[in-house]
Amino acid sequence: MEEYQDRSLRGRVFEKLREDILSGVYKDCDELREITIGEEMGVSRTPVREALRQLELEGLVKIIPNKGAYVTGITPKDVHDIYMIRSLLEGMCARWATEHITPEQIEQLEEIVLLSEFHLKKDKDKVVQVSDLDGKFHHVLYEASNSRIMEHTLSDFHKYVKMARMLSVGAKNRAEKSIEEHKAILEAIKKGDADEAERLANLHIMHVMENLHIEIED
């Protein structure tokens with residue numbers, strides 16, 4: 001029982017620290033102090049230390065012996081690489097979703113698109129709400145792919161570029177275009193056109209890259 005609680009605490013600390021790093025609460029080179037984090041989260045230093053080691057394995061933290069743990073974060077090259085890989089996987093995901101999607105999942109996607117349009121018309125400055133809905137749209141597609149590996153991989157990528165996604169949606173006219181692209185992908189899926197769904201999903205990610213001025217290398 002005690003071992004389970006330790007794993008649970010470590011997992012909670014890990015998820016919180018990773019979320020804070022990916023969302024920009026912690027910046028590159030910030031020191032993550034075990035004592036401070038433990039006091040803030042109400043846990044001992046042991047689960048914090050274990051969480052930091054796990055974050056180091058993910059490349060988000062660098063532990064320097066006798067000095068401490070420091071945030072390394074996501075580099076511009078990391079973002080570029082993630083989007084290039086995402087463009088291919090999102091296309092494949094849309095193709096598989098076309099083949100496996102359920103009526104309930106189609107309804108979810110339609111509702112997300114309608115809510116996105118509603119929030120955008122009501123207040124163009126509601127970047128967080130629109131960004132969250134953008135994320136939900138993609139996560140429903142991941143689930144609809146009927147592949148746990150695809151869902152897990154793309155969900156992780158989505159978390160890793162959280163700040164970049166928010167910047168993209170927040171850019172002038174990008175939110176409107178993103179919603180239109182989501183609608184086009186959904187229509188292709190509803191028609192059962194896997195080729196078109198794959199093409200549009202791939203193009204959607206490429207447009208995000210262009211909007212973020214991420215160079216597309218040959």
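Note that the structure is a prediction, hence the values are computed from the model and not measured.
- Rounding to the nearest 0.5 Å gives a distance of 4.5 Å between CZ of Arg45 and CD1 of Ile35.
- Looking at heavy atoms from C-beta onward, Ile189 lies in side-chain contact with Leu141 at the 4.5 angstrom threshold.
- Tyr70 and Glu56 form no side-chain donor-acceptor contact under 3.5 Å, judged by distance and modelled atom types alone.
- Interatomic distance, Arg148 CZ to Thr153 OG1, rounded to the nearest 0.5 Å: 12.0 Å.
- A salt bridge links Asp20 to Lys16: one of the charged nitrogens lies within less than 4.0 Å of a carboxylate oxygen.
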Full working for side-chain hydrogen bond (donor to acceptor under 3.5 Å, both in side chains) between Glu90 and Tyr83
CA-CA 10 Å; Glu90 292 270 1; Tyr83 271 104; over 6 Å; no
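- In this structure, Met150 and Tyr142 have side chains that are not in contact, with every pair of non-hydrogen atoms separated by 4.5 Å or more.
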Give the C-alpha distance, both sets of side-chain angles, the deciding distance and a yes or no for salt bridge (Lys or Arg N to Asp or Glu O under 4.0 Å) between Lys191 and Glu196.
CA-CA 10 Å; Lys191 291 177 182 176; Glu196 182 67 356; over 6 Å; no
Begin from the C-alpha positions of Leu52 and Phe14 and carry the test side-chain contact (heavy atoms from CB on, under 4.5 Å) through to its verdict.
CA-CA 7 Å; Leu52 291 173; Phe14 168 76; over 6 Å; no
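- Residues Leu200 and Glu181 fail the side-chain proximity criterion, which asks for heavy atoms closer than 4.5 Å.
- With respect to Leu17, the side chain to side chain contact (heavy atoms under 4.5 Å, CB included) criterion is satisfied by exactly one of Leu60, Val25, Ile37: Ile37.
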Mind running salt bridge (Lys or Arg N to Asp or Glu O under 4.0 Å) on Lys183 and Glu180 for me, showing each step along the way?
CA-CA 5 Å; Lys183 288 169 70 175; Glu180 290 302 314; 3.7 Å; yes
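- Residue Glu111 places its CD atom among 12 or fewer non-hydrogen atoms of other residues, nucleotides or ligands, all under 6.0 Å distant.
- Residues Arg49 and Arg10 are not in side-chain contact: their nearest non-hydrogen atoms beyond the backbone lie 4.5 Å or more apart.
- For His152, the NE2 atom counts as loosely surrounded, since its 6.0 Å shell holds 12 or fewer non-hydrogen atoms of other residues, nucleotides or ligands.
- The two residues Gly91 and Glu198 have their closest heavy-atom pair at O-CG, 3.2 Å.
- Taking the side chain as every heavy atom from C-beta outward, Ile21 and Val61 approach each other to under 4.5 Å.
- Met209 and Leu203 sit in two unconnected hydrophobic clusters of ILVMFWY residues. Membership requires side-chain heavy atoms under 4.5 Å apart, directly or through other members.
- Ring pair His138/His158 is tilted by interplanar angle, where 30° to 60° counts as tilted.
- Ion pairing between a basic and an acidic side chain is recognised when a charged N comes within 4.0 Å of a carboxylate O; Asp195 and Arg199 show no such pairing.
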Go through it in stages, so that I can follow the logic: the residues are Trp96 and Asn146, the test is side-chain contact (heavy atoms from CB on, under 4.5 Å), and I'd like the CA-CA distance, side-chain angles, deciding distance and then a yes or no.
CA-CA 7 Å; Trp96 290 357; Asn146 196 36; over 6 Å; no
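- Counting all heavy atoms, side chain and backbone alike, Ile63 lies closest to Ala69 at CG1-CB, 4.1 Å.
- The CE atom of Met92 lies 10.0 Å from the CG atom of Leu154; values are rounded to the nearest 0.5 Å.
- By the 4.0 Å N-to-carboxylate-O rule, Lys190 lies close enough to Glu110 to be salt-bridged with it.
- Annotation: the span from Phe137 atom CZ to Leu115 atom CG amounts to 13.0 Å, rounded to 0.5 Å.
- Dense packing is recorded around CG of Leu57, with more than 12 heavy atoms of other residues, nucleotides or ligands lying under 6.0 Å away.
- With contacts defined as side-chain heavy-atom distances shorter than 4.5 Å, the pair Glu151/His139 does not qualify.
- If you take CG on Leu55 and CZ on Arg18, they are separated by 8.0 Å, rounding to the nearest 0.5 Å.
- Judged by distance alone, with hydrogens and angles left aside, the side-chain atoms of Asp30 form a donor-acceptor pair with the main-chain N or O of Lys27 at under 3.5 Å.
- The two residues Ser87 and Asn202 have their closest heavy-atom pair at O-ND2, 3.0 Å.
- His182 places a side-chain heavy atom less than 4.5 Å from the side chain of Asp134.
- For the pair Leu109 and Gln105, the minimum side-chain heavy-atom distance is 4.5 Å or more.
- For the residue pair Val48 and Val13, the shortest heavy atom distance occurs at CA-CG1, 4.0 Å.
- Heavy-atom minimum distance, His100 versus Ser145: CD2-O, 3.6 Å.
- Interatomic distance, Arg86 CZ to Cys93 SG, rounded to the nearest 0.5 Å: 10.0 Å.
- What you find for Thr72 and Gly59 is that their closest heavy atoms are OG1-O, 2.6 Å.
- The number of heavy-atom neighbours closer than 6.0 Å to CD1 of Ile64, taken from other residues, nucleotides and ligands shown, is above 12.
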